[in-house]
There are 2 protein chains.
Amino acid sequence: MALRYAILGQLSTTPCSGYDLALYLDSARGSFWCAAHSQIYPELRRLEEAGLIEGAPTPVGEKLEKRIYTITDAGTDALATWAAGTPIYRPNRDPERLQLIFADRAPLDAIRRHIEAHRDRFGRQRARIDDIREAILSREHVRVEARLRGRSGPEQELSLLLRDLAYGGDRERAALEVKWADRALALLDAYERDHVDVKRRKREEESRR
Amino acid sequence: MALRYAILGQLSTTPCSGYDLALYLDSARGSFWCAAHSQIYPELRRLEEAGLIEGAPTPVGEKLEKRIYTITDAGTDALATWAAGTPIYRPNRDPERLQLIFADRAPLDAIRRHIEAHRDRFGRQRARIDDIREAILSREHVRVEARLRGRSGPEQELSLLLRDLAYGGDRERAALEVKWADRALALLDAYERDHVDVKRRKREEESRR
DNA sequence: CCGACCATGTAATATGTTACATGATTGT
DNA sequence: ACAATCATGTAACATATTACATGGTCGG
C-alpha cells in the first residue's frame, strides 16, 4: 500500500509525470520510500482507474508525449485518511546484523571490513541528510517550498516541523550507526590485543628457544 | 537471499524442523530476520536440493513425522562465505516517516497519537531486547549457548561480542526512537501553545465583546 | 551527429503475505 | 472431550527487482 501513498503524497505537493516520480522515488535519493519505474507506471494506471489521480497527456517536443498526473479530491482524502491513521511498520529484517552474528567464525579482518563499510555507509547517509535538512531550513528546497506554497504561517511551520522531525530522526539514526561502528572497531581491537596478539607472542617466544 | 542464510545460520547452531525454524523466524520475536512458514518449507526443499542441508524424517508420537534438517559441509561453507562478504542493506523504506510528512494537514491529535504509538512500540522493543541481552550475558540463552558449545574461550568471547554488538545496536536504535518521540511530542506541545491556543484565546476575546 | 537524458512501457523472476487445508499430539 | 500447540504443506495475491524493449529530445 505504501507505494500508492508515496505517489499520492508527491502528487499532493505538485503534479508529476511517471518519470518525475521515478526520480523522486529513486533508491539513491534517500527519501522515505523508493520504487523502480517498472513498479510506478502500472501503479499510476491503477490509481487513475481508482479515481485518485488524473493524467493529462502533455506534448514534449514534436512527437513525444508525457502524462502529467494530478491528484483528485478523492485522492487527497485517501492520502489524508492514510496519513492520519496509526503508524505502519514493516517487520524487522536486517541482513547486515544477520551477517554479523554468523560472522563469528570469519577472520577478524573480514569482520573489521564489514564494520568499516557500515561506518562509511552511514557516514555518507548522515552527510546527505544534513544537506537536505539544511536546504529545507534555509528554504531552498524546491519540493518542500512547493508544498508550503499557499499555506498560512502556522501551517507552514507545522509542515516544516514534521519534515524536520522525520529527517532529524533518520539523521540521528545514521549518526548512531557511525558511533556504533566506531565502538565496534574499538572492541575488536581490544579483542585482538587480548587474544590474537597474545597467542602470536607466545608462539614467537617458543620458537626462539 | 537472506532467508536462505537465516535458515542456514540457525541450522549451523543446531538442527531444526521447519516448524522450529518458523518459531525462530517469527516476526514477533524481534530477531534479525523473519518469515512465515509458507515461505520456509519451500525454501528448505530448495536448500536440500542444493545440497546445503539434509533432512531426516523423525517420528513424533504414533503417526506424525517431522523432518529434522542438518547443515552440510557445503552449507557451512556457503554461510561462511556469505557472512564474511560486504554488508548487505535493503533500500530505505519507512512507511511511518512517510505518513508523518504527509500528516501536515491532519489534526494535531492524530499526529500526537501517531507519535505516542511510535514511542510505545519502540519502548516495548527496547524492553524486549534488554531481556534478550540479559539472558545472553548471564549465559541463560539456550540458542546462544548451543552455538557456543564446543568452542574455545576466545571463540566464545568473539561470538558473544558480535551478538552483543548486533543486539546492542538494535537496542540503542529503539532507545533513540523513544527519545525522538518524546522530543517530537514536546515540539508539538510548543507548537500548539504558540498557535492553536493563541488563536482560540483571540476568538474567545472577540466573542466576549 | 552523438551522448546524456527524457519518457514509457512489458516480462520474468524473486520475495513476502494471507488464506486455505489437513491432521496428530499433548496436557488438562 | 477439548483446547492449545505441533507439524507440514499449497494457493492466491501483493510487492519488489532485474532485464528487455523502444524511441524522442536537447545540448554541445
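Numbers restart at 1 for each chain; the letters A, B, ... are given by sequence-line order, proteins then strands.
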Do any N or O atoms of the protein come closer than 3.5 Å to N or O atoms of nucleotides 13-15 of chain C, and which pairs are they?
from: C:dT15; atom 1: OP1; to: B:Met1; atom 2: N; distance (Å): 2.8

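Put simply, CD1 on B:Ile40 is 15 Å from C1' on D:dT10, counting in whole angstrom units. Atom CZ of B:Arg93 and atom P of D:dA14 are 18 Å apart (whole Å). Taking atom CG of B:Asp26 as the reference point, atom P of C:dT17 lies 12 Å away to the nearest angstrom. Distance B:Tyr69 OH to D:dA7 P: 13 Å, rounded to the nearest Å. Computed from coordinates, the B:Leu3 CG to C:dT17 P distance equals 11 Å when rounded to whole Å. One atom, CD of A:Glu65, and another, C1' of D:dG23, lie 14 Å apart when rounded to the nearest Å. One can place NE2 of A:His37 at 13 Å from P of D:dT18, the figure rounded to the nearest angstrom. Atoms CZ (A:Arg4) and P (D:dA14) sit 11 Å apart, rounded to a whole Å.
An OP1 or OP2 oxygen of C:dG9 is reached within less than 4.0 angstrom by no side-chain nitrogen or oxygen of A:Tyr41. Taking 4.0 angstrom as the limit, A:Tyr19 places none of its side-chain polar atoms (N or O) nearer than this to OP1 or OP2 of C:dT8.
Applying the side chain to side chain donor-acceptor pair (under 3.5 Å) rule to B:Thr72 yields no partners; only residues at least two apart in sequence or on another chain are considered. Partners of A:Arg151 by side chain to side chain donor-acceptor pair (under 3.5 Å), not counting sequence neighbours, listed by chain and number: B:Asp104. Residues passing the side-chain contact (heavy atoms from CB on, under 4.5 Å) test with A:Thr81, sequence neighbours excluded: none. Residues meeting the side-chain contact (heavy atoms from CB on, under 4.5 Å) test with B:Glu157, sequence neighbours left out: A:Tyr191, A:His195. A search for salt bridge (Lys or Arg N to Asp or Glu O under 4.0 Å) contacts involving A:Arg45 returns nothing, not counting sequence neighbours. By the ring pair (Phe, Tyr, Trp, His ring centres under 6.0 Å) test, A:Tyr5 is found to be paired with A:Trp82, residues two or more places apart in sequence or in another chain being considered.
Neither side chain, A:Thr76 nor A:Asp73, offers a donor N or O lying under 3.5 Å from an acceptor on the other.
Listed by first and then second residue, the salt bridge (charged side-chain N to carboxylate O under 4.0 Å, His left out) pairs that reach into residues 4-19 of chain B are B:Arg4-B:Glu43, sequence neighbours excluded.
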N/O donor to acceptor pairs below 3.5 angstrom from side-chain atoms of residues 118-128 of chain A, sequence neighbours left out:
from: A:His118; atom 1: ND1; to: B:Tyr89; atom 2: OH; distance (Å): 2.6
from: A:His118; atom 1: NE2; to: A:Glu177; atom 2: OE1; distance (Å): 2.7
from: A:Arg119; atom 1: NH1; to: A:Asp182; atom 2: OD1; distance (Å): 3.3

N/O donor-acceptor pairs under 3.5 Å from side chains in residues 26-42 of chain B, not counting sequence neighbours:
from: B:Asp26; atom 1: OD1; to: B:Ala28; atom 2: N; distance (Å): 2.7
from: B:Arg29; atom 1: NE; to: B:Tyr24; atom 2: O; distance (Å): 3.2
from: B:Tyr41; atom 1: OH; to: B:Tyr19; atom 2: N; distance (Å): 3.4

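Each of B:Gly18 and A:Lys63 lies near DNA chain D, and the nucleotide nearest B:Gly18 is the one positioned closer to the 5' end. Sequence order on DNA chain C of the closest nucleotides to A:Leu23 and B:Ala36 puts A:Leu23 first from the 5' end.
Minimum atom distance to the side chain of B:Leu64 is reached by C:dG23, of the listed C:dG23, D:dT10, C:dT8.
Taking five base pairs at each end of the helix from C:dC1-D:dG28 to C:dT28-D:dA1 and finding the rotation axis that steps the C1' atoms of four pairs onto the next four gives two axes whose angle is 20°, to the nearest 10°.
The stretch residues 44-61 of chain B touches DNA chain D through B:Arg45, B:Val60, each having a heavy atom under 4.0 angstrom from the strand.
Between the base of D:dT18 and the side chain of A:Ser38 there is a donor-acceptor pair shorter than 3.5 Å.
Residues B:Arg171 and B:Tyr167 are not in side-chain contact: their nearest non-hydrogen atoms beyond the backbone lie 4.5 Å or more apart.
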>> Under the criterion salt bridge (Lys or Arg N to Asp or Glu O under 4.0 Å), I'd like the reasoning laid out for B:Glu192 against B:Arg112: C-alpha separation, chi angles, the key distance, then a yes or no.
In response: CA-CA 11 Å; B:Glu192 193 166 29; B:Arg112 204 174 265 122; 2.7 Å; yes
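Using a 4.0 Å heavy-atom distance criterion, B:Pro42 is classed as making no nucleic acid contact.
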